[in-house]
2 protein chains.
Amino acid sequence: MPAVPTPTRRRRTEPLRCTGCERGVDCLGAALDEGSAAGRMSRTGLERGDHLYRMGEPSDSLYVVSGGAFKSYVVTPDGGEQVLGFVLPGDVLGIDSLTHPHFQSSAVAIAPARVCRMPAEAIRLRIGESPDFRERLTARMGREIQRLQRLLHLGRCTAEQRVAVFLLNQSAQTEGVGFAGRAQRLPMSRRDIGQFLGLATETVSRVFTRLQDSGALRCRRTSIEIRNVERLMEIARVGLPLRRGG
Amino acid sequence: MPAVPTPTRRRRTEPLRCTGCERGVDCLGAALDEGSAAGRMSRTGLERGDHLYRMGEPSDSLYVVSGGAFKSYVVTPDGGEQVLGFVLPGDVLGIDSLTHPHFQSSAVAIAPARVCRMPAEAIRLRIGESPDFRERLTARMGREIQRLQRLLHLGRCTAEQRVAVFLLNQSAQTEGVGFAGRAQRLPMSRRDIGQFLGLATETVSRVFTRLQDSGALRCRRTSIEIRNVERLMEIARVGLPLRRGG
DNA sequence: CGTGCGCTTGAGACGCGTCAACGTGCGTGG
DNA sequence: CCACGCACGTTGACGCGTCTCAAGCGCACG
């Protein structure tokens, strides 16, 4: 996923109705696809590496991820990437740009993905007529604020703590609350994880190795299995040695 | 401002109408104090060290700061404080808890302060009847998301960069865009600044000294004067040596 | 005029970033 | 089907920035 090479492109876009969708009525899209906003959504497929949108482009919609995985990031003044988060099915993309005419971040697929597009004008319509939709949208923004606040705290922890928290979150997000010793697939690279957690790629790799040596983890490239949840939670809680830098 | 000693208390609360308020019509309070929500606001004064609210308490309102300064923070699992930001007149307090039944962070006055309380039920009323108020509130949440995203990036910078950015922001916020070489007052302690920027108190102090020695700054305790804005901006942009840790 | 808290300054330790080299899986083309 | 290339991952050596610990300083308070 280099800086500019691949253009922002969206493939195989088609109209969409949410009735009968496997995501069910809890989906934000289902709440939108009613009233005067009904029938305005569309679904798009993306390949790994495709950008859904780029920072600076006109922002005219919100997206519900219905499959695959995305990386949300901003390019820092010095040319680096700051990963804001990984976005999985059920999550919403573009909510940080909802109040801006241009996207404030970029989103790129890190696995073959599908999204449901909710056009801005449909959102505006639905906001005006549905208190329920309003509340869901506001709740999403509130959750994003919470997430960023927690992320802020992560930035003050040791490498072990960051990775432990990341793995636990990832596990909880993909498998629900009960994360057993089942192997799962990490769609993002070590580099992505590092840019998310504020660590060098090498450090992420070293921590993975260390966790594996201690028996808390079993991982081979993108496949990963948590073997000792409690140990990870303990690390996440107190950190292994101390706070940071000394 | 220790962890628990002083209880959450609000002094001298009185009813309030926004007509004739010096903050003018751009204030979120003025937009609330209309329609069926009119006349429901109240104003409270706080002393330095008073808590406006604490994390975990039932959250039933939003506050517009009309004077003084606040520190917003959360207590981390290990007992430390993570400062989320300093809140100045015109800013809104409690927006991160708007979608929650309980406050998700604490707010304490770091200088004698005044706030205008906007009760949750009044907000709900006004949201239902005023698209303008809705948009303002959503815009506030969007700005908070943006702020936290930038803060996230700050966490990856050198100590010099963090302090430089902090000082420039602080200066811009208190004096508007044009920040000349006028001395201003920093209401927060070195410890607060450190907990905000993710630095040890001693490091903050050292950076201040270094910036002063280089002629970019003149500071004596809480009084501070930016003597070379461009130098600070240069530091903020590229960082002095390199990224971090090496 | 004491007393305490916040700020400053110094010395030492250490985690993590950088640089560099090697291993490994995967896709491509001969 | 194998050889090759390339991107990603791993491992090691080393240096630097910042944290910790500790002492001294100075302003503001009673």
Side-chain angles (χ1 to χ4, degrees), chain A residues 1-3 5-6 47-49 71 76 78 80-81 110-111 154-164 185-213 217-224 235 239-246, chain B residues 1-2 5 47-49 71 78 80-81 110-111 154-164 185-195 197-213 217-224 235 239-246:
Chain A
M1 275 128 292
T6 51
E47 300 298 329
R48 172 183 161 86
K71 175 179 79 170
T76 60
D78 59 318
E81 273 185 19
I110 56 178
L154 243 200
R156 321 265 183 257
C157 301
T158 65
E160 325 263 330
Q161 275 181 298
R162 302 187 202 199
V163 172
R185 188 156 280 274
L186 282 187
M188 65 292 285
S189 68
R190 300 287 188 269
R191 185 161 176 272
D192 289 334
I193 298 175
Q195 284 168 343
F196 177 52
L197 297 177
L199 297 171
T201 306
E202 297 92 327
T203 304
V204 175
S205 182
R206 271 187 263 265
V207 172
F208 270 59
T209 305
R210 223 176 304 161
L211 288 176
Q212 187 165 221
D213 290 348
L217 217 63
R218 239 175 74 83
C219 63
R220 175 179 180 71
R221 297 229 157 208
T222 69
S223 170
I224 196 166
I235 294 175
L240 265 188
L242 33 120
R243 279 175 57 88
R244 167 122 145 265
Chain B
M1 275 131 293
E47 300 298 329
R48 174 184 161 85
K71 176 179 77 170
D78 58 317
E81 274 185 17
I110 55 178
L154 245 201
R156 320 266 184 258
C157 301
T158 65
E160 326 262 328
Q161 274 181 300
R162 301 187 202 198
V163 172
R185 190 157 279 274
L186 282 187
M188 65 292 288
S189 68
R190 299 285 188 272
R191 186 161 175 271
D192 289 336
I193 298 175
Q195 285 168 342
L197 297 177
L199 297 172
T201 307
E202 297 94 325
T203 303
V204 176
S205 183
R206 273 187 261 264
V207 172
F208 270 58
T209 306
R210 223 176 305 161
L211 288 175
Q212 188 165 222
D213 290 347
L217 218 63
R218 240 175 74 82
C219 64
R220 174 178 183 70
R221 298 230 156 210
T222 69
S223 170
I224 196 164
I235 294 175
L240 265 188
L242 34 120
R243 279 176 57 89
R244 170 129 141 261

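Naming convention: chains lettered A, B, ... in sequence-line order (proteins, then strands); numbering from 1 in each chain.
Look at B:T203 and you won't find any side-chain N or O under 4.0 angstrom from OP1 or OP2 of D:dG17. Between D:dT10 and A:R190, a contact under 4.0 Å exists linking OP1 or OP2 to a side-chain N or O. When the side-chain nitrogen and oxygen atoms of A:S189 are compared with OP1 and OP2 of D:dA7, none of them lie within a distance under 4.0 Å.
Atom CD of A:Q161 is separated from atom C1' of C:dG15 by 13 Å (rounded to the nearest Å). To the nearest angstrom, P of C:dG6 lies 14 Å from CD1 of B:I110. Distance, A:L154 CG to C:dC16 P: 13 Å, rounded to whole Å. Distance, B:Q195 CD to D:dC19 C1': 14 Å, rounded to whole Å. Taking atom CE on B:M188 and atom P on C:dG6, their separation rounds to 15 Å, with Å as the unit. Straight-line distance from the CD1 atom of A:I193 to the P atom of D:dC8: 13 Å, rounded to whole Å. Atom CG of B:D78 and atom C1' of D:dC19 are 15 Å apart (whole Å). Rounded to whole Å, the distance from CZ on A:R48 to P on D:dA7 is 13 Å.
The line from CZ of B:F208 to CG of B:L186 is 6.0 Å long, rounded to the nearest 0.5 Å. The CD1 atom of B:I235 sits 9.0 Å away from atom CD of B:Q161, with the distance rounded to the nearest 0.5 Å. Interatomic distance, CZ of A:R210 versus CZ of A:R206, reported as 8.0 Å (0.5 Å rounding).
Nearest to the side chain of A:A200, among C:dT18, C:dC16, D:dT11, sits C:dT18.
In terms of modelled atom types and a separation under 3.5 Å, the side chain of A:R162 and the main chain of A:C157 share a donor-acceptor contact. For A:R185 (side chain) and A:S223 (main-chain N/O), no donor-acceptor pair under 3.5 Å exists by modelled atom type.
B:R190 and B:T201 form no side-chain donor-acceptor contact under 3.5 Å, judged by distance and modelled atom types alone.
Taking all atoms of both residues into account, the shortest heavy-atom contact from B:V204 to B:I193 is CG1-CG2, 4.0 Å.
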- Once each nucleotide of nucleotides 21-27 of chain D is scored for protein heavy atoms under 4.0 Å, what B/S/- sequence comes out, 5' to 3'? BB---BS
